[in-house]
Novice: 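Quick one: the structure is below, and I'll ask about it shortly.
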Amino acid sequence: MMSNHSSATEFCLLGFPGSVELHHILFATFFLFYSVTLMGNTVIIVIVCVDKRLHSPMYFFLGHLSALEILITSIIIPVMLQGFLLPGMQTISLAGCVIQLFLYLAVGTTEFTLLGAMAVDRYVAVCKPLRYNIIMNSHTCIWVVIVSWVFGFLSEIWPVYATFQLNFCKSNVLDHFYCDRGQLLKLSCDDSLFTEFILFLMAIFIIIGSLVPTIVSYTYIISTILKIPTASGRRKAFSTCASHFTFVVIGYGSCLFLYVKPNQTQAAQYNKIVSLLISVVTPFLNPFIFTLRNDKVKEALRDSVKRSCQLFKY
């Protein structure tokens, strides 16, 4: 705890309540999730780079999405795992808190921007197939990725700066497993209503702004697919979008619950559960969503495994 007129120089993370035995179980569980997430997403990046069959805009974007998933889970899980092994409350410096929150928000914003671009890519592939190679050329794809990364990082500078301009004099204990913005606002002794409102508007702009092209794209995609006369043709057309659509539903659904609301200081337990879904579960599911539902990726994986086995034989 802190005195009434001082601002925090470090924060204590409460993490998850429970016994030492429970913390050890949680450590093993989340370590497994983290390991699978790193391996699965790394495999996707490698096969997209190596296999010529996957040298197309869709898989180029998928490689960057996998890199973002590795980053977002690496920003959160190592700190969480360290907390499970400590006997008392985990502490994080003010600078560490600023960096963690900024990277988490910046990577998340980049991911939303990229998901919107991937939706437009699927729209062009399904609705404008004859012009696909012209519209989605390598120059366009590279610029889309650059803009996504630059926008993601630049757009979160002011929100994080505004958050840490507040005085945290009520306490320095965050009821979370990372430096969550909602919990930081709860600790402020300043009037943060205006700041919360601006942060709410920015969340609307970023999440809803990237969701609009996704909704419009899938409206046209579904309309086009329904016009295909054969059932096999409709299945083939939808299969090119199924993985992205599944990921969009999970990713956007979680973040709409967590960020797009005027009150950023909601119940801590609810906040933790949704944050776990965003930073642990979604990155963990990403390799399975994009491999189990994608024939080209499965084929590339099988061929890679065969080549690896042949190398080991020699």
Side-chain angles (χ1 to χ4, degrees), residues 8 10-16 30 33-34 37-38 41 64-83 90-115 148-166 168 174-187 195-196 198-200 202-207 210 247 250-261 264-266 268 270-286:
E10 66 174 21
F11 295 96
C12 299
L13 303 176
L14 284 182
F16 296 93
F30 287 119
F33 269 77
Y34 186 49
T37 300
L38 290 182
N41 284 288
H64 281 270
L65 182 65
S66 295
L68 288 166
E69 295 292 40
I70 289 172
L71 284 174
I72 205 160
T73 197
S74 296
I75 292 162
I76 301 298
I77 293 188
V79 176
M80 187 200 304
L81 293 176
Q82 185 186 22
Q90 184 181 11
T91 60
I92 183 169
S93 67
L94 178 62
C97 196
V98 172
I99 292 167
Q100 188 186 48
L101 181 61
F102 173 72
L103 289 177
Y104 180 69
L105 294 175
V107 171
T109 302
T110 304
E111 188 170 308
F112 281 125
T113 310
L114 190 60
L115 283 172
S148 297
W149 283 88
V150 171
F151 172 75
F153 277 75
L154 290 182
S155 65
E156 293 301 337
I157 292 174
W158 185 87
V160 174
Y161 172 79
T163 300
F164 286 95
Q165 284 301 296
L166 300 169
F168 305 107
L174 295 172
D175 190 3
H176 216 295
F177 52 83
Y178 78 100
C179 280
D180 174 64
R181 184 165 63 193
Q183 290 297 309
L184 286 166
L185 292 172
K186 191 182 283 188
L187 299 184
T195 302
E196 285 192 50
I198 297 299
L199 294 176
F200 166 69
M202 292 193 73
I204 287 282
F205 175 75
I206 291 166
I207 299 177
S210 60
F247 192 87
I250 297 171
Y252 279 104
S254 305
C255 283
L256 284 170
F257 276 116
L258 188 60
Y259 291 114
V260 182
K261 56 193 180 315
Q264 295 264 338
T265 58
Q266 77 281 19
Y270 167 86
N271 200 331
K272 287 180 189 178
I273 292 168
V274 182
S275 296
L276 279 176
L277 191 60
I278 295 168
S279 59
V280 179
V281 179
T282 304
F284 172 79
L285 291 176
N286 181 54

Novice: Do Arg181 and Leu105 pass the side chain to side chain contact (heavy atoms under 4.5 Å, CB included) test, and can you show the C-alpha distance, the side-chain angles, and the key distance before you say yes or no?
Specialist: CA-CA 10 Å; Arg181 184 165 63 193; Leu105 294 175; 3.5 Å; yes
Novice: Check whether any side-chain heavy atom of Ile76 sits under 4.5 Å from a side-chain heavy atom of Val280, and report yes or no.
Specialist: no
Novice: For the atom pair CD (Glu69) and CG (Leu71), what is the distance rounded to the nearest 0.5 Å?
Specialist: 9.5 Å
Novice: About how many Å separate NE2 of His64 and OG of Ser148, when rounded to the nearest 0.5 Å?
Specialist: 9.0 Å
Novice: Can you give me the closest heavy-atom contact between Thr109 and Gly152, atom names plus distance?
Specialist: CG2-CA, 3.8 Å
Novice: Taking all heavy atoms of Val107 and all of Leu68, pick out the closest pair and write down the distance.
Specialist: CG1-O, 3.5 Å
Novice: Going by side-chain hydrogen bond (donor to acceptor under 3.5 Å, both in side chains), name the pairs with one or both residues in residues 70-83, residues two or more places apart or in two chains.
Specialist: Tyr34-Ser74, Gln82-Gln90
Novice: May I ask you to test the Lys186-Asp180 pair for a side-chain heavy-atom distance under 4.5 Å?
Specialist: no
Novice: Which value, rounded to the nearest 0.5 Å, describes the distance between Ile207 atom CD1 and Thr113 atom OG1?
Specialist: 10.5 Å
Novice: So how far is it from Thr110 OG1 to Leu115 CG, rounded to the nearest 0.5 Å?
Specialist: 11.0 Å
Novice: Between Ser210 and Ile206, what is the shortest heavy-atom contact and its length?
Specialist: OG-O, 2.9 Å
Novice: Out of curiosity, Leu285 CG to Thr37 OG1, how far, rounded to the nearest 0.5 Å?
Specialist: 8.5 Å
Novice: Classify the ring geometry between Tyr104 and Tyr178 as parallel (under 30°), tilted (30 to 60°) or perpendicular (over 60°).
Specialist: tilted
Novice: Give the intermediate values and the outcome of side chain to side chain contact (heavy atoms under 4.5 Å, CB included) for residues Leu184 and Leu166.
Specialist: CA-CA 9 Å; Leu184 286 166; Leu166 300 169; over 6 Å; no
Novice: Is there a side chain to side chain contact (heavy atoms under 4.5 Å, CB included) between Phe177 and Val79 once you walk through the steps?
Specialist: CA-CA 8 Å; Phe177 52 83; Val79 176; over 6 Å; no
Novice: Can you confirm whether Leu13 sits close enough to His176 that some side-chain heavy atom of one is under 4.5 Å from a side-chain heavy atom of the other?
Specialist: no
Novice: Sequence neighbours left out, what passes side-chain hydrogen bond (donor to acceptor under 3.5 Å, both in side chains) with Gln100? Give chain and number order.
Specialist: none
Novice: Which heavy atom in Asp175 sits nearest to a heavy atom in Gly15, and how many Å separate them?
Specialist: OD1-O, 4.5 Å
Novice: Do Cys179 and Leu174 have side chains that approach each other closer than 4.5 Å (heavy atoms only, starting at C-beta)?
Specialist: yes
Novice: Would you say the side-chain atoms of Asn41 pair up with the backbone N or O of Pro283, donor to acceptor, closer than 3.5 Å?
Specialist: yes
Novice: Check the orientation of Phe33 and Phe284. Use parallel for under 30°, tilted for 30 to 60°, and perpendicular for over 60°.
Specialist: tilted
Novice: Less than 4.5 Å apart, side chain to side chain, heavy atoms only: is that true for Leu199 and Thr163?
Specialist: yes
Novice: Does any part of the side chain of Leu114, heavy atoms only, come nearer than 4.5 Å to the side chain of Trp149, both counted from C-beta?
Specialist: no
Novice: Would you please test Met202 and Glu156 for side chain to side chain contact (heavy atoms under 4.5 Å, CB included) and show each step?
Specialist: CA-CA 9 Å; Met202 292 193 73; Glu156 293 301 337; 6.0 Å; no
Novice: Can you measure from CZ (Phe168) to CD (Gln183) and round to the nearest 0.5 angstrom?
Specialist: 11.5 Å
